[in-house]
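Inspection log for the structure reproduced underneath, given as structure tokens.
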There are 2 protein chains.
Amino acid sequence: MTIKTGNLGASLPSLAFVVVTVLVSPYAAFAGGDVAASLLPRPASAISGEGSLPITGSFAVDVSACRDDRVALAAARLPGRVARWTGLRVLPDRSRPALVIRCGAAPAPVQQAVEDESYVLFVAAAGARIEAPSPYGALRGIETFLQLIEQAPGGFAVAGARVEDRPRFPWRGLLIDTGRHFMPVDAIERVLDGMAVVKMNVLHWHLTEDQGFRVESGRYPRLHGMGSDGEFYPQQQLREVVAYARVRGIRVVPEFDMPGHTGAWLVGHPELAAAPGPYALERRWGIFDPVLDPTRDEVFRVLGRFLGEMASIFPDPCMHIGGDEVNGVQWDASPAIAEFKRRHGLATNEALQSYFNGRLQKILAKHGKAMVGWDEILQQNLPADAIIQSWRGAESLTAAAKAGHRTILSSGYYLDHLKPASYHYAVDPLAGAAGELPDVERARILGGEACMWSEYYSAEMIDGRVWPRAAAIAERLWSPADVTDVGDLYRRLELTSSWLEWEGLRHRSNPAMMLRRLAGGDHTHALTAFAALLEPLGIAGRAPARDYTSLVPLNRLVDALPPESEAARSFTAQVDAFLADPERQAGRVEIARRLEAWTRLAAGLDPLIARSPLLAEAQPVATDLSAAADLALRALGNGAGLALSAEEKALMERLATDRAEVSIAVAPALARLITGTAGSSAEAAP
Amino acid sequence: MTIKTGNLGASLPSLAFVVVTVLVSPYAAFAGGDVAASLLPRPASAISGEGSLPITGSFAVDVSACRDDRVALAAARLPGRVARWTGLRVLPDRSRPALVIRCGAAPAPVQQAVEDESYVLFVAAAGARIEAPSPYGALRGIETFLQLIEQAPGGFAVAGARVEDRPRFPWRGLLIDTGRHFMPVDAIERVLDGMAVVKMNVLHWHLTEDQGFRVESGRYPRLHGMGSDGEFYPQQQLREVVAYARVRGIRVVPEFDMPGHTGAWLVGHPELAAAPGPYALERRWGIFDPVLDPTRDEVFRVLGRFLGEMASIFPDPCMHIGGDEVNGVQWDASPAIAEFKRRHGLATNEALQSYFNGRLQKILAKHGKAMVGWDEILQQNLPADAIIQSWRGAESLTAAAKAGHRTILSSGYYLDHLKPASYHYAVDPLAGAAGELPDVERARILGGEACMWSEYYSAEMIDGRVWPRAAAIAERLWSPADVTDVGDLYRRLELTSSWLEWEGLRHRSNPAMMLRRLAGGDHTHALTAFAALLEPLGIAGRAPARDYTSLVPLNRLVDALPPESEAARSFTAQVDAFLADPERQAGRVEIARRLEAWTRLAAGLDPLIARSPLLAEAQPVATDLSAAADLALRALGNGAGLALSAEEKALMERLATDRAEVSIAVAPALARLITGTAGSSAEAAP
């Protein structure tokens with residue numbers, strides 16, 4: 001049986017392989033014959049083969065035909081990972097390796113922006129083999145192999161298969177903002193572990209912001225010393241992260257955002273600013289006035305030395321200089337800067353920033369770095385090798401490609417908006433105008449980056465805010481364009497979530513811990529059941545909700561909720577099926593059972609709320625939810641919609657209104673049930 | 001309001017303090033006026049005071065009046081711990097410390113077996129103060145302070161209080177067996193984190209066994225090189241653990257079990273054995289023949305060098321030499337040993353072991369170490385400073401004290417039996433004959449040690465197997481003897497469990513992860529609900545269940561279950577109340593609701609079991625449980641017991657029978673409900 005999920009463009013080394021057109025493996029039967037059914041991202045192509053390879057406690061890898069230290073380390077880690085994914089006690093028997101890896105050498109000592117990441121994975125009863133032209137492909141193939149391990153009668157196994165795979169886009173990134181909230185190095189390493197599983201390959205590390213300067217500078221110790229509240233990465237840690245990423249085939253592109261978003265630089269070095277200091281660390285969120293002064297050579301001398309220092313730590317061919325959200329207030333207020341602009345024929349602040357970028361680019365070029373910047377830097381005179389990160393809209397992606405720049409998409413990939421995975425999944429870098437570009441221009445679209453800005457998450461929340469949603473973007477950037485089945489995505493996101501858990505990520509355990517903390521350490525049965533029906537608001541909903549600063553603790557209900565409610569997704573599907581049934585019988589019993597439980601939620605929460613003032617804001621939400629469940633039960637009994645009293649109408653309005661910075665994720669489906677209005681499940685999506 | 005939970009023997013430095021006899025703090029009201037209500041272990045005495053101290057994001061500690069590096073480090077860690085326990089973002093404002101710590105100097109550079117661990121904690125609205133004669137008391141006081149932080153309207157706070165506290169026993173230990181299953185160093189450090197929270201102070205580290213020799217020896221590298229499957233602690237890690245424990249006020253007593261349980265030594269050094277080799281690593285569990293040869297000087301030369309090497313790594317005044325379970329088979333089979341015994345007038349193997357211990361003791365004395373051993377070593381000629389660990393029964397505790405030895409109790413504290421916390425809680429070192437001893441002898445009873453032998457747990461299970469049950473033993477050994485309320489214990493174990501979670505322990509998250517792994521990474525709602533009603537069998541039930549070896553994976557349902565079912569405890573209480581009600585109405589609705597859900601468990605599990613062969617063994621258990629819930633619902637409707645058919649009687653028998661190495665924890669209560677027999681909840685305890 002052949003499953004082709006897309007076209008494999010490149011021709012890969014051909015392996016002797018018999019295509020089996022009937023199912024012979026009992027394990028393939030588990031997946032309905034779709035050998036890629038458990039994979040995320042889905043591969044370019046996969047066909048099932050004969051037999052299956054047992055995965056036992058003697059599991060070992062032979063990597064002698066792949067002379068690359070990264071693959072060797074990945075192979076050395078693999079038995080331990082197999083042990084965690086299966087619970088087997090693995091004592092490798094190297095005399096009988098279950099997996100053999102062969103690879104070509106890396107073309108350059110440092111991973112480049114475009115590398116061959118293709119591989120072929122061949123699995124048969126006698127053993128598995130990964131063949132890849134480069135070490136990068138071998139690393140990706142190892143992740144595929146691991147994802148294929150499944151329970152089988154008598155133990156674990158990988159069903160016979162041939163997977164031919166390569167990414168659709170070479171740049172599959174994730175931005176982590178450690179400027180606004182500091183993330184300790186173990187949190188960053190967990191992010192990298194997760195990225196490796198879903199074959200993402202660029203950590204875009206946002207390291208400086210108005211609220212914090214997070215890198216240790218030997219040349220300018222006041223930068224981190226005065227600009228970080230003591231929360232910064234010593235250089236040793238920066239190198240550790242780079243090394244940790246490198247052996248996983250992940251590049252680290254550091255971002256030093258400038259000339260705006262530089263408030264934290266100026267606390268220790270006010271002389272770099274366009275207006276006199278003193279400066280204090282910014283505690284609020286937003287766009288602020290402090291900005292570097294691009295008119296003085298001394299500023300570039302400091303930047304040159306600092307960026308040189310950073311270039312020696314971050315070996316990546318790219319360095320990100322930000323360039324976003326310069327509001328121009330300080331520049332406009334300075335007579336000296338006005339005079340400079342006049343003298344140099346710089347009519348606008350955009351032109352002044354373009355001048356700034358031009359000098360910056362010379363510094364980067366000296367260190368062999370290509371400049372990456374947000375789409376604001378896309379101006380005339382921008383050197384051709386600059387890479388544009390498109391965030392304000394996909395138009396700039398096309399414009400950059402047309403202007404000769406390499407470019408990556410982030411518009412539509414902002415994870416901090418807390419939109420559902422399905423939303424991001426639908427965003428394709430080559431959709432619309434970009435897809436119509438001539439080949440040479442379209443080839444400049446390198447891929448995309450998920451962005452996780454950190455106004456509203458702290459280190460204990462990072463796993464749950466990033467995962468598993470980032471995996472949807474990872475698949476969009478790796479898999480063939482026609483892999484778009486949302487239901488199938490969510491099924492595999494659940495698996496991915498488990499893999500990440502086995503890798504040590506805390507996207508499931510930390511939210512549960514935070515709920516228990518809200519409950520003062522006590523039992524949380526009622527709170528857990530309640531929380532499962534809610535979703536947290538993203539940045540747009542939170543900013544206006546209270547006077548947020550970087551010091552406001554993120555320890556409330558909204559912070560403990562996963563971004564997407566699985567209960568709401570399944571309930572919505574049940575309700576839609578019920579309403580679509582002319583007899584109004586489909587799933588009636590199951591729906592009633594859920595509603596009955598919800599009618600008791602508010603009462604169940606009362607004792608917890610009495611002890612935990614932090615939960616008080618949840619009480620009206622719970623009360624309305626329980627009341628609505630009661631109404632819905634009546635409607636269910638009716639078999640038709642209810643005629644609502646004024647009071648009940650008011651309840652329905654409150655139900656649809658965000659409170660306590662959370663939304664009731666089951667509210668749209670409840671409303672449809674109560675009014676008896678069949679609708680699409682799309683209405684339920686936030 | 002004064003709460004005295006015991007007598008405070010020592011007089012502590014008196015602090016100016018006003019005893020307030022009415023509740024003035026709104027926070028104290030949360031705990032019903034019992035200021036120690038959230039503490040575990042409960043302190044010697046606690047009285048509530050005026051006002052309350054806000055715990056804010058500027059929380060800081062002043063430790064200038066406690067010149068000890070351990071307390072300084074604990075104080076430095078405290079703001080981060082407060083952040084994790086509350087979710088506050090803590091940037092300490094050292095100009096206004098909320099907590100001031102004063103302490104006396106440690107009497108000796110290395111923590112001794114008996115130290116003054118007393119402290120007074122004084123909390124008022126303006127600040128908190130810990131005063132302690134020694135750094136050890138200061139460390140304990142910090143834990144108490146942390147446990148007192150609670151949610152209050154407007155933020156977090158510690159209610160005004162004065163806690164005067166000291167331990168009942170100086171030796172409060174926990175044995176971790178890393179010989180049978182290796183535990184990586186991070187698992188050991190999590191154990192130490194948990195111990196510190198509940199004021200335990202001795203890590204008894206079982207480092208060598210028939211199945212593994214876990215310490216790196218520079219002198220004899222074949223010991224760990226051939227005796228560990230590569231799973232051993234490099235010396236740097238041993239020192240790291242010692243340092244990690246030291247700064248938490250925890251001693252590390254290493255155990256090198258000999259002359260029996262030495263199979264792993266002999267793989268690389270068969271010449272030490274009483275019978276010719278070769279030897280292989282033991283994979284089975286049990287008592288085996290390999291034993292050191294105590295008749296040859298060369299054996300003691302090797303032991304002398306090896307123990308000298310270990311003495312330089314482990315600074316503790318005690319070293320544990322095991323001494324248990326010598327079966328004498330090899331000794332009896334050797335003509336040379338028989339001749340040696342004759343020549344030295346050693347009539348029995350016990351006498352020969354006594355001779356062995358005598359020579360061992362001289363080695364330890366040379367390194368300034370007191371010998372600790374299992375109660376088998378309690379024989380004539382044992383040097384007076386040897387410490388006896390009583391495990392085969394409490395009689396040896398009394399016998400040892402009478403014979404002049406210091407002694408610690410482990411009989412009744414074997415956590416690997418997976419008995420409920422209440423069982424261990426009821427075991428008091430001074431119960432029975434020990435309590436009747438003359439003062440001078442009773443004073444030799446130093447305390448006790450929980451033992452966690454590792455036949456049936458791996459590194460991912462250690463947190464859940466140890467915690468929170470070990471906390472019950474910690475309280476028994478710290479708190480006054482009259483602190484015995486089991487209901488109150490379980491309430492506080494739930495809190496303790498949360499504290500440990502906030503400290504990073506995985507006793508809650510790893511079992512959940514293991515359940516998801518059982519389900520192949522898929523949703524586990526049904527499995528979670530089912531698992532909550534089960535309890536795993538302890539070592540006695542598992543050993544006969546299958547042909548266990550150290551290579552058998554611990555990845556089944558039994559391994560994923562917490563030792564105690566909270567659902568069973570609460571259901572049993574509900575059923576008892578119902579049956580005790582002459583009207584048979586009490587809690588009827590709630591009981592019916594639970595039973596109804598249970599009737600659907602088996603069907604809910606079916607799809608999971610179909611995909612996960614590892615779960616197949618659970619199917620008959622679930623089927624019977626659902627059927628019994630159905631019967632119980634009928635009985636509940638009846639208001640009286642049912643007359644059971646033969647088939648139903650067979651079901652009830654199966655329900656009470658352990659299968660798949662688990663017991664149905666709700667079975668006794670279900671049975672009482674079905675038969676209508678009022679009984680005591682004690683019947684429900686395994």
Side-chain angles (χ1 to χ4, degrees), chain A residues 30 38 57 83-91 150-156 181 229-231 458 460 491 494-499 501-502 506 508-510 512-514 516-523 550-556 559-560 566 593 596-597 600 610-616, chain B residues 30 38 57 83-91 150-156 181 229-231 458 460 491 494-499 501-502 506 508-510 512-514 516-523 550-556 559-560 566 593 596-597 600 610-616:
Chain A
F30 285 1
S38 76
R84 287 200 303 278
W85 286 43
T86 61
L88 292 172
R89 183 178 183 205
V90 182
L91 295 176
E150 60 190 353
Q151 283 189 42
F156 291 85
H181 272 101
D229 294 311
E231 294 181 326
S458 60
E460 65 186 1
R491 181 184 61 77
E494 184 69 18
L495 300 180
T496 306
S497 225
S498 291
W499 304 331
E501 192 174 24
W502 304 336
R506 301 182 187 166
R508 281 171 167 161
S509 57
N510 274 5
M513 176 201 80
M514 292 174 75
R516 282 189 278 262
R517 195 171 61 199
L518 271 172
D522 211 334
H523 291 294
S550 61
L551 302 176
V552 172
L554 299 177
N555 60 356
R556 291 161 53 237
D559 304 304
E566 184 256 325
R593 211 173 270 143
E596 272 158 20
R600 296 190 298 274
R611 285 195 303 275
S612 303
L614 274 173
L615 276 176
Chain B
F30 285 2
S38 76
R84 286 199 304 277
W85 287 43
T86 61
L88 291 173
R89 182 178 183 204
V90 182
L91 295 177
E150 60 190 355
Q151 284 189 41
F156 290 85
H181 272 101
D229 293 311
E231 294 182 325
S458 59
E460 66 186 1
R491 181 183 60 77
E494 185 69 19
L495 301 180
T496 306
S497 224
S498 291
W499 304 330
E501 194 174 22
W502 304 334
R506 302 184 187 164
R508 280 171 167 163
S509 57
N510 273 5
M513 175 200 82
M514 292 174 75
R516 282 188 279 261
R517 196 171 60 198
L518 271 172
D522 212 333
H523 292 293
S550 61
L551 302 177
V552 172
L554 300 176
N555 61 356
R556 290 162 52 237
D559 304 305
E566 184 256 325
R593 212 172 270 143
E596 272 158 18
R600 296 190 299 273
R611 283 194 304 275
S612 303
L614 275 173
L615 276 175

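The chains referred to below are lettered A, B, ... by the order of the sequence lines, with proteins before strands, and numbering in each begins at 1.
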- request: To the nearest 0.5 angstrom, please state how far the CZ atom of B/Arg89 sits from the CG atom of A/Leu554.
  value: 9.5 Å
message: Given heavy-atom pairs under 4.5 angstrom as the criterion, report whether the side chain, backbone, both or neither of B/Arg491 touches chain A.
response: neither
- prompt: A/Arg517 side chain to B/Trp502 main-chain N or O, any donor-acceptor pair under 3.5 Å?
  reply: no
- line: Residues A/Pro613 and B/Pro153: closest non-hydrogen pair is CG-N, 3.5 Å
- prompt: Heavy-atom distance under 4.5 Å to chain B: side chain of A/Trp85, backbone, both or neither?
  reply: backbone
message: I'd like to verify something: which residue of A/Glu596, A/Arg593, A/Arg84, A/Met514 has the highest number of heavy-atom pairs under 4.5 Å with chain B?
response: A/Arg593
field: Value rounded to 0.5 Å, distance of CD in A/Glu501 from OG in B/Ser509
entry: 7.5 Å
message: Give me the atom names and distance for the closest heavy-atom approach of A/Asn555 to B/Leu88.
response: ND2-N, 4.1 Å
task: Measure distances from A/Leu495 to the heavy atoms of chain B and classify the residue's part below 4.5 Å as side chain, backbone, both or neither.
output: both
statement: Of all heavy-atom pairs linking B/Gly87 and A/Pro553, the shortest is O-CB, 3.4 Å
- line: Answer key: most heavy-atom pairs under 4.5 Å with chain B among A/Ser550, A/Ser458, A/Ala616 is A/Ser550
- line: Sorted by chain and residue number, the side-chain contact (heavy atoms from CB on, under 4.5 Å) partners of A/Arg556 (sequence neighbours excluded) come out as A/Arg542, A/Arg546, A/Tyr548, A/Val558, A/Asp559, A/Leu614, A/Glu617, A/Glu661
- request: Taking all heavy atoms of B/Leu518 and all of A/Gln151, pick out the closest pair and write down the distance.
  value: O-NE2, 2.8 Å
statement: Among B/Gly57, B/Ala83, B/Gly520, B/Ser498, the residue with the most heavy-atom pairs under 4.5 Å to chain A is B/Ser498
